Amino acid sequence: MYKDDIMKKLIIEGGRELSGSVRIGGAKNSAVALIPATILTKGKCVIRNVPDISDVKILLEMMHELGSKITYKDEILTVDNKNVENVAISEEYASKIRASYYFMGALLGKFHHAEMSCPGGCVIGSRPIDFHIDAFKRMGAHIVENGGNYKMDAAELQGRDIFFDFPSVGATINVMFAAVLAKGKTRIINAAREPEIANVASFLNSMGARIMGAGSGTIEIDGVKELGNGEVDVIPDRIEAGTYLIIGALLGRDFKITDIVEEHIYSLISKLKDAGCNLKVEGDVITINKTKNLKAVNIKTTVYPGFPTDLGQPMSTFLTQCEGESSFEETIYENRLRHIPHLNNMGADIKAFDKTALIRGRTPLVGRKVKATDLRAGASMLVAGMIADGTTIVYNIEHLLRGYEKIVDKLNNVGANIRLIDE
Ligand code: EPZ
């Protein structure tokens with residue numbers, strides 16, 4: 001995060017009803033892959049619906065370091081990489097954002113050389129990149145790793161069958177990057193199916209790549225000689241949409257969330273309906289009203305189209321308001337329950353064991369001073385503060401600003417009372 005973000009906090013007055021509509025922005029987890037993907041072509045690229053979030057700002061600075069010519073206005077990015085130099089990505093930037101690993105696949109795929117450090121784990125888990133590295137090696141790259149700094153070279157990249165033990169989102173996208181200009185066919189077996197994968201594949205195909213099956217468990221890529229101009233619309237952010245839907249289920253009065261893709265959040269919609277929520281989907285608009293007498297439901301996060309790990313934390317705040325005992329099991333990361341003690345500090349009754357939490361509701365929450373330990377824990381604290389009695393102060397809020405575009409304005413415009421304070 002930016003050094004000047006480190007002292008940001010939110011002051012939230014709880015219990016305010018929300019009505020009106022919120023527009024969902026472009027998906028963070030697409031944008032952070034689409035931007036490095038432009039390195040693969042000398043052509044010009046246009047990327048529309050790019051969210052105005054700090055992760056995007058950091059990536060644009062990294063692209064600038066490489067010599068990319070970029071304009072960013074009204075959420076439209078134009079990128080001209082004809083003068084891109086393949087210089088090492090500095091540790092200062094690479095360590096700021098997990099998705100910097102996409103520069104590995106893009107630089108290796110385009111220049112057959114990449115040199116950069118890659119951030120180790122973060123608070124939610126160790127987050128290794130062994131699947132990415134093993135795949136690059138299998139395709140012909142020679143990789144030297146020295147204390148988190150990677151040097152990669154390949155005389156040429158050869159299309160291969162790549163099987164993933166786990167359908168990793170990042171590794172699936174990174175192998176697509178390494179494969180689009182490789183010699184021959186690459187097949188990714190047990191590929192991730194998250195909607196962001198198909199968004200990236202459609203962008204690469206608009207440049208002239210030949211990717212088939214993105215969104216399914218098997219993706220085939222026929223390498224081509226070079227790529228041309230590209231364009232793409234970033235898909236709506238399903239995690240931002242889900243977070244607002246959870247807030248609407250607790251505080252909404254005719255609360256509308258627009259620019260959503262229902263299919264991308266079916267898992268959440270299904271669970272909210274099981275809990276008794278009153279919501280209506282009409283095309284790309286969801287209307288939701290707060291519901292009394294919510295019922296306990298069980299959540300188990302898994303890969304798409306299952307319940308997304310990134311919605312587990314905000315959803316656990318929702319479960320504190322459901323009558324009875326809900327269970328919340330995180331199966332993707334080792335350490336994604338760090339928000340639980342802060343929820344209990346506000347009056348929740350949650351017992352956490354390893355990666356499972358038993359949540360007894362309904363417990364009224366009271367405003368307290370709490371901390372955002374990571375991006376989606378920040379979302380959990382925001383939801384808690386909005387339903388709590390009194391004032392909640394959420395520290396370390398720079399995490400939240402990484403992934404939720406203009407979240408304070410969007411919520412205050414529909415009735416919330418949130419102040420973003422620089423210390
Ligand atoms: C992407 O991370 C998202 N980040 C994550 O969102 C999201 O939680 C995750 O996919 C799962 O959907 C971005 O897209 C920038 P994975 P990624 O590779 O690609 C293990 C958010 O809040 N693994 O699918 O890193 C890994 O440790 C963030 O927006 C390996 O063991 O996720 C994890 O347990 C958080 N070796 C599991 O797989 C590897 O080489 C899922 O990782 C790669 C991953």
Side-chain angles (χ1 to χ4, degrees), residues 1-3 28-29 31-45 47 54-70 72 77 79-122 126-158 168-182 200 203-204 207 226-227 230 402:
M1 62 295 298
Y2 284 16
K3 49 190 178 312
K28 166 181 86 81
N29 292 344
V32 298
L34 293 167
I35 293 168
T38 62
I39 288 169
L40 289 158
T41 180
K42 284 277 183 225
K44 289 192 174 29
C45 294
I47 307 175
S54 55
D55 271 14
V56 164
K57 289 192 187 100
I58 292 170
L59 278 171
L60 295 182
E61 292 195 20
M62 293 167 80
M63 292 294 291
H64 183 71
E65 270 210 331
L66 292 170
S68 180
K69 295 273 173 290
I70 293 186
Y72 179 41
L77 258 190
V79 185
D80 179 351
N81 288 331
K82 67 175 178 304
N83 298 321
V84 158
E85 293 284 308
N86 184 13
V87 294
I89 303 262
S90 73
E91 207 270 337
E92 191 227 338
Y93 279 119
S95 62
K96 279 184 177 176
I97 166 174
R98 281 289 306 158
S100 52
Y101 47 47
Y102 288 133
F103 283 94
M104 287 179 169
L107 291 169
L108 189 64
K110 181 74 175 68
F111 299 110
H112 293 175
H113 171 76
E115 185 175 347
M116 61 183 290
S117 70
C118 203
C122 54
S126 59
R127 302 187 78 180
I129 57 167
D130 50 326
F131 301 164
H132 307 235
I133 300 300
D134 293 351
F136 294 153
K137 285 180 179 171
R138 195 182 293 273
M139 295 173 74
H142 174 67
I143 299 178
V144 176
E145 190 263 333
N146 181 0
N149 194 61
Y150 291 85
K151 248 190 195 155
M152 305 179 169
D153 290 284
E156 71 169 15
L157 288 171
Q158 186 64 46
S168 153
V169 171
T172 300
I173 292 174
N174 242 344
V175 168
M176 288 198 307
F177 286 174
V180 288
L181 297 170
V200 173
F203 182 40
L204 293 169
M207 300 176 196
E226 64 178 15
L227 297 172
R402 285 184 46 213

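Since the structure is predicted, the reported quantities are computational estimates derived from the model, not experimental observations.
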- Message: Could you go through Met63 and Phe103, starting from their C-alpha distance and side-chain angles, then the distance that decides it, and tell me whether this counts as side chain to side chain contact (heavy atoms under 4.5 Å, CB included)?
- Response: CA-CA 9 Å; Met63 292 294 291; Phe103 283 94; 3.5 Å; yes
- Would Lys96 and Met62 satisfy side chain to side chain contact (heavy atoms under 4.5 Å, CB included), going step by step from the backbone distance to the final call? CA-CA 11 Å; Lys96 279 184 177 176; Met62 293 167 80; over 6 Å; no
- Item | Verdict with reasoning, Val175 to Phe131, per side chain to side chain contact (heavy atoms under 4.5 Å, CB included) | CA-CA 9 Å; Val175 168; Phe131 301 164; over 6 Å; no
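Of the options Asn86, Asn81, Asp80, a side chain to side chain contact (heavy atoms under 4.5 Å, CB included) to Val84 is made by Asn81 and by none of the others.
Put simply, the side chain of Leu204 reaches to within 4.5 Å of the side chain of Phe177, judged on heavy atoms. Side-chain contact between Lys110 and Lys42 is present, with at least one heavy-atom pair separated by less than 4.5 Å.
Remark: the backbone N or O of Thr38 is not paired with any side-chain donor or acceptor of Thr41 at under 3.5 angstrom. In this structure a side-chain-to-backbone donor-acceptor pair under 3.5 Å is present from Arg98 to Arg127. Put simply, the side chain of His142 never gets that close to the backbone of Met152: no donor and acceptor are under 3.5 Å apart. Side-chain atoms of Asp55 do not come within 3.5 Å of backbone N or O of Ile97 as any donor-acceptor pair.
Closest non-hydrogen pair, Ser68 versus Val79, comes out as OG-CG1, 3.4 Å. Tyr102 and Pro36 make their closest contact through CB-CG, 3.8 Å (heavy atoms, listed as atom of the first residue, atom of the second, distance). Contact record, Ala94 with Ile89: CB-CG2, 4.1 Å, taken as the closest heavy-atom pair. Closest approach of Val32 to Leu59, counting heavy atoms only: CA-CD1, 3.3 Å. Between Ala155 and His112, the closest heavy-atom pair is O-ND1, 3.4 Å. When every heavy atom of Ala178 is checked against every heavy atom of Leu157, the shortest pair comes out as O-CD1, 3.6 Å.
Shown here is Glu145, whose CD atom has more than 12 heavy atoms of other residues, nucleotides or ligands within 6.0 Å. Heavy-atom neighbours of Asn83 CG from other residues, nucleotides or ligands within 6.0 Å: above the threshold of 12.
Put simply, CD1 on Ile35 and CD1 on Ile58 are 11.0 Å apart, with the number rounded to the nearest 0.5 Å. To the nearest 0.5 angstrom, Phe136 atom CZ is 4.0 Å from Asn174 atom CG. Put simply, CG on Leu34 and CD1 on Ile47 are 5.5 Å apart, with the number rounded to the nearest 0.5 Å. Taking CD of Glu85 as the reference point, atom CG of Leu66 lies at 9.5 Å (rounded to 0.5 Å).
Side-chain contact, Glu61 with Tyr93: a donor N or O sits under 3.5 Å from an acceptor N or O.
Under the 30°/60° scheme for interplanar angles, the aromatic rings of Tyr101 and His132 are found to be tilted.
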